[in-house]
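One structure is given here, and the rest of the page talks about it.
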Amino acid sequence: MAYWLMKSEPDELSIKGLETLGEARWDGVRNYQARNFLRAMAVGDQFFFYHSSCPEPGIAGIGTIVEAAYPDPTALEPDNHYFDAKASPEKNPWSAINVAHVETFPCVLGLGYLKQQAALAELPLVQKGSRLSVMPVTAEQWAAVLALR
DNA sequence: GCCAACGTTGGC
DNA sequence: GCCAACGTTGGC
């Protein structure tokens, strides 16, 4: 089993929203590096749910992958925010996965707090200029974050 | 709203 | 293949 971190704007989907839904499609990833990580995910993998572009950016909980990567339908919907004119049913470069809620942390682990953790120094999330929205997390980093809950 | 940093586009 | 211009991300 592998560990990941994925960013979501809480206005679109928050950890509470996922908790309410139980399961959700994770779509709209439009970056090749992030997409490649999506495709590397296996059912049963777990991920930290990070809230971005919001008043309190940080890790808000844990989710798990319940369906591995498949073509992202939002790329084919003209009215969708994530529509991609270059995608077609035959050739859709983008991927989506299905996820389920696992745990909502009592408090959000803020970005500033995460940056103070020596054990997380190698995590792309805390590195200057990093905009990657889907990234791998090592077992050591995973344990270090769990200890902060 | 600002702006640093990054990714993508497109002319050459 | 280079690189300038542009668009996007995302914290503050």
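Within every chain, numbering begins at 1; the chains are lettered A, B, ... in the order of the sequence lines, protein sequences first and strands thereafter. Note: hydrogens, waters and symmetry copies are ignored here, and every other heavy atom, side chains too, is used.
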Checklist entry - Taking it one step at a time, do Arg39(A) and Ser95(A) satisfy side-chain hydrogen bond (donor to acceptor under 3.5 Å, both in side chains)? => result CA-CA 7 Å; Arg39(A) 290 182 176 179; Ser95(A) 296; 2.8 Å; yes
Rounded interatomic separation in angstrom, taking [atom1] from [X] and [atom2] from [N]:
X: Asn31(A); N: dG7(C); atom1: CG; atom2: P; answer: 19 Å
X: Tyr32(A); N: dG7(B); atom1: OH; atom2: C1'; answer: 11 Å
X: Trp94(A); N: dT8(B); atom1: CH2; atom2: P; answer: 7 Å
X: Gln33(A); N: dC6(B); atom1: CD; atom2: C1'; answer: 11 Å
X: Glu56(A); N: dG10(C); atom1: CD; atom2: P; answer: 17 Å
X: Asn36(A); N: dG7(B); atom1: CG; atom2: P; answer: 13 Å
X: Lys7(A); N: dT9(C); atom1: NZ; atom2: P; answer: 11 Å
X: Tyr50(A); N: dG11(C); atom1: OH; atom2: P; answer: 4 Å

Next on the checklist: Let's go through Thr74(A) and Arg30(A) carefully: what are the C-alpha distance in whole Å and the side-chain angles of both, what is the deciding distance for side-chain hydrogen bond (donor to acceptor under 3.5 Å, both in side chains) to 0.1 Å, and is it a yes or a no?
Outcome noted: CA-CA 11 Å; Thr74(A) 66; Arg30(A) 293 293 179 269; 3.0 Å; yes
Item to check | Presence of donor-acceptor pair under 3.5 Å, side chain of Arg131(A) and base of dT8(C) | outcome: yes
Checklist entry - Have Asp45(A) and Trp4(A) got a donor and an acceptor in their side chains that come within less than 3.5 Å? => result yes
Checklist entry - Side chains of Glu19(A) and Thr104(A): donor-acceptor distance under 3.5 Å anywhere? => result yes
Next on the checklist: Taking the minimum atom-to-atom distance to the side chain of Leu111(A), which one of dC12(C), dT9(B), dG7(C) wins?
Outcome noted: dC12(C)
Next on the checklist: On the nucleotide dC3(B), are OP1 or OP2 found under 4.0 Å from the side-chain N or O atoms that Lys128(A) carries?
Outcome noted: no
